[in-house]
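Start at 1 and go down the list; that is how both ligands and their atoms are numbered.
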Amino acid sequence: MRKDLRLISQEKDKKTIIEIGDLRIGEDFMVIAGPCAVENEKQTIETAKAVKKAGANMLRGGAFKPRTSPYAFQGLGLKGLKILEKAKRETGLPIVTEVIDSRDVSWISEYADVLQIGARNMQNFSLLKEVGKADRPVLLKRGMYSTLKEWLSCAEYILSEGNKNVILCERGIRTFETYTRNTLDLSMVPAVKECTHLPVVVDPSHGTGRKSLIEPMSLAAVAAGANGLIVEVHNNPEVAMSDKDQQFNPEEFLVFMQHVRKLSEMMKNL
Ligand code: PEP
Ligand code: MN
């Protein structure tokens, strides 16, 4: 591993801490929450206020959506980013949003506090090189068919361009199981920590695709030592334009947060 992953394995014992406002990612346990996609202003602002109230640390929401079908909702683009900007103004929550094209990195960085690279783009090397030049932290999702080594090599691409602020995100991989949307591989949390100095968060929403499984898997992620979670929340999931079965409503998210925070506090004294 060492030679290919020279930047990642170099300072394994010196944990990367990424500061965003008061938040110290890698040290403070954090929760990123928000809708799968930015659909309109009301949906996003209402959801942002709800996740803020429940104690989330950052707001997620896709303005550019990588969809399986070209006919499915593709996101609002610039309009979506402007809605996220307003949500940030009203709640103070930093924004995590996906970038799917290397040509968009510099202008999306004006709206995003963290640039998300989705599972489908994990090995989009020109995109990785571009976010490697950006002055924004990058949330790098694990590709759905990728090994740990391949995933870390993608992080190495970003680091090798100069951007040292990478957060790894386990979001499940494809297996023969069909009950869950993906198979959430929580062994990656301690494995990432064994191999790197980078923070690792878990996405139980895409990892399971089922609302009922999100809390148990999140608690397991906290117990495994994850530095945070990224969870989908929608003000009215029944009418969501994407991923409706895996988005919490505000009430469900509030209860979820109480349980997650309780366990993360307990973990501090372990
Ligand atoms: C997302 O988080 O919006 C998303 C599309 O997830 P993934 O890339 O993990 O499928
Ligand atoms: Mn989604």
Side-chain angles (χ1 to χ4, degrees), residues 30-39 43-44 47-48 51 56 58-70 72-77 80-81 83-84 95-101 104 108 111-124 127-128 131 137-146 150-151 154-155 166-175 180-186 188-189 192 200-211 213-214 217-218 221 226 228-249 253:
M30 63 146 174
V31 177
I32 304 166
C36 178
V38 176
E39 297 170 5
Q43 168 249 9
T44 302
T47 308
V51 301
M58 292 204 261
L59 177 68
R60 63 148 289 149
F64 292 89
K65 296 302 299 176
R67 303 304 300 280
T68 303
S69 164
F73 176 56
Q74 305 283 310
L76 297 180
L81 294 172
I83 293 173
L84 287 170
I95 302 298
V96 181
T97 199
E98 183 163 352
V99 51
I100 60 178
D101 191 314
D104 297 335
I108 290 181
Y111 297 89
D113 294 283
V114 174
L115 297 166
Q116 178 177 328
I117 301 293
R120 290 156 191 80
N121 270 315
M122 186 199 83
Q123 283 186 316
N124 180 337
L127 181 57
L128 296 177
V131 296
V138 176
L139 181 90
L140 178 65
K141 290 207 166 190
R142 181 184 183 187
M144 56 188 96
Y145 302 103
S146 305
E150 287 162 345
W151 185 21
C154 293
V166 174
I167 306 157
L168 295 162
C169 177
E170 163 61 36
R171 50 78 73 205
I173 49 173
R174 279 269 170 91
T175 66
T180 46
R181 183 175 178 182
N182 291 286
T183 296
L184 189 61
D185 182 6
L186 289 181
M188 284 302 115
V189 173
V192 160
V200 57
V201 303
V202 170
D203 175 348
S205 307
H206 295 89
T208 66
R210 283 178 180 261
K211 226 193 249 200
L213 304 183
I214 293 173
M217 293 314 285
S218 296
L229 298 167
I230 174 164
V231 180
E232 287 189 341
V233 184
H234 192 287
N235 66 330
N236 185 7
E238 288 76 41
V239 300
M241 294 170 82
S242 56
D243 289 352
K244 67 202 273 282
D245 297 333
Q246 66 185 42
Q247 302 201 61
F248 280 141
N249 68 32
F253 183 65

Checking a contact table here: which protein heavy atom is nearest [atom], and how many Å away?
atom	answer
atom 8 (O) of ligand 1	Ala119 N, 2.8 Å
atom 5 (C) of ligand 1	Glu98 OE1, 3.8 Å
atom 6 (O) of ligand 1	Lys141 NZ, 3.0 Å
atom 9 (O) of ligand 1	Arg171 NE, 2.7 Å
atom 4 (C) of ligand 1	His206 NE2, 3.6 Å

key: Residue Arg120 vicinity, atoms of ligand 1 by number, heavy atom under 4.0 Å   =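 Listed by number with element: 7 (P), 8 (O), 10 (O).
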
task = With heavy atoms of Gln116 as the reference, note each atom of ligand 1 found under 4.0 Å away.
result = 1 (C), 2 (O), 3 (O)

[X]: which N/O/S atom is nearest the Mn ion (ligand 2)?
X	value
Asp243	OD2
Glu232	OE2
His206	NE2

Less than 4.0 Å between a side-chain N and a carboxylate O, is that true for [Y] and [X]?
X	Y	answer
Asp243	Arg181	yes
Asp203	Lys141	yes
Glu232	Arg60	yes

What I'd like to find out is whether the side chain of [X] reaches to under 4.5 Å of the side chain of [Y], using heavy atoms alone.
X	Y	answer
Gln247	Ser205	no
Asn182	Arg171	yes
Cys36	Lys65	yes

query = N/O to N/O below 3.5 Å, does that happen between Gly118 and ligand 1?
reply = no

task = Kindly give the heavy-atom pair with the smallest separation between Leu128 and Met122, and that separation in Å.
result = CD1-O, 3.1 Å

inquiry  = Judged on heavy-atom distance to atom 2 (O) of ligand 1, which of Glu170, Arg60, Arg181 sits nearest?
reply    = Arg60

key: Leu139 and its side chain to side chain contact (heavy atoms under 4.5 Å, CB included) partner, picked from Val201, Thr97, Val166   = Val201

query = Ile108 and Leu115: side chain to side chain contact (heavy atoms under 4.5 Å, CB included), yes or no, with the steps?
reply = CA-CA 8 Å; Ile108 290 181; Leu115 297 166; 4.0 Å; yes

inquiry  = I'd like to know whether ligand 1 has Lys65 as a neighbour, heavy-atom separation below 4.0 Å.
reply    =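 Flag set, Lys65 near ligand 1.
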
query = Within less than 4.0 angstrom of ligand 1, does Met144 place any heavy atom?
reply =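 It does not, in that no heavy atom of Met144 comes within the 4.0 Å cut-off of ligand 1.
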
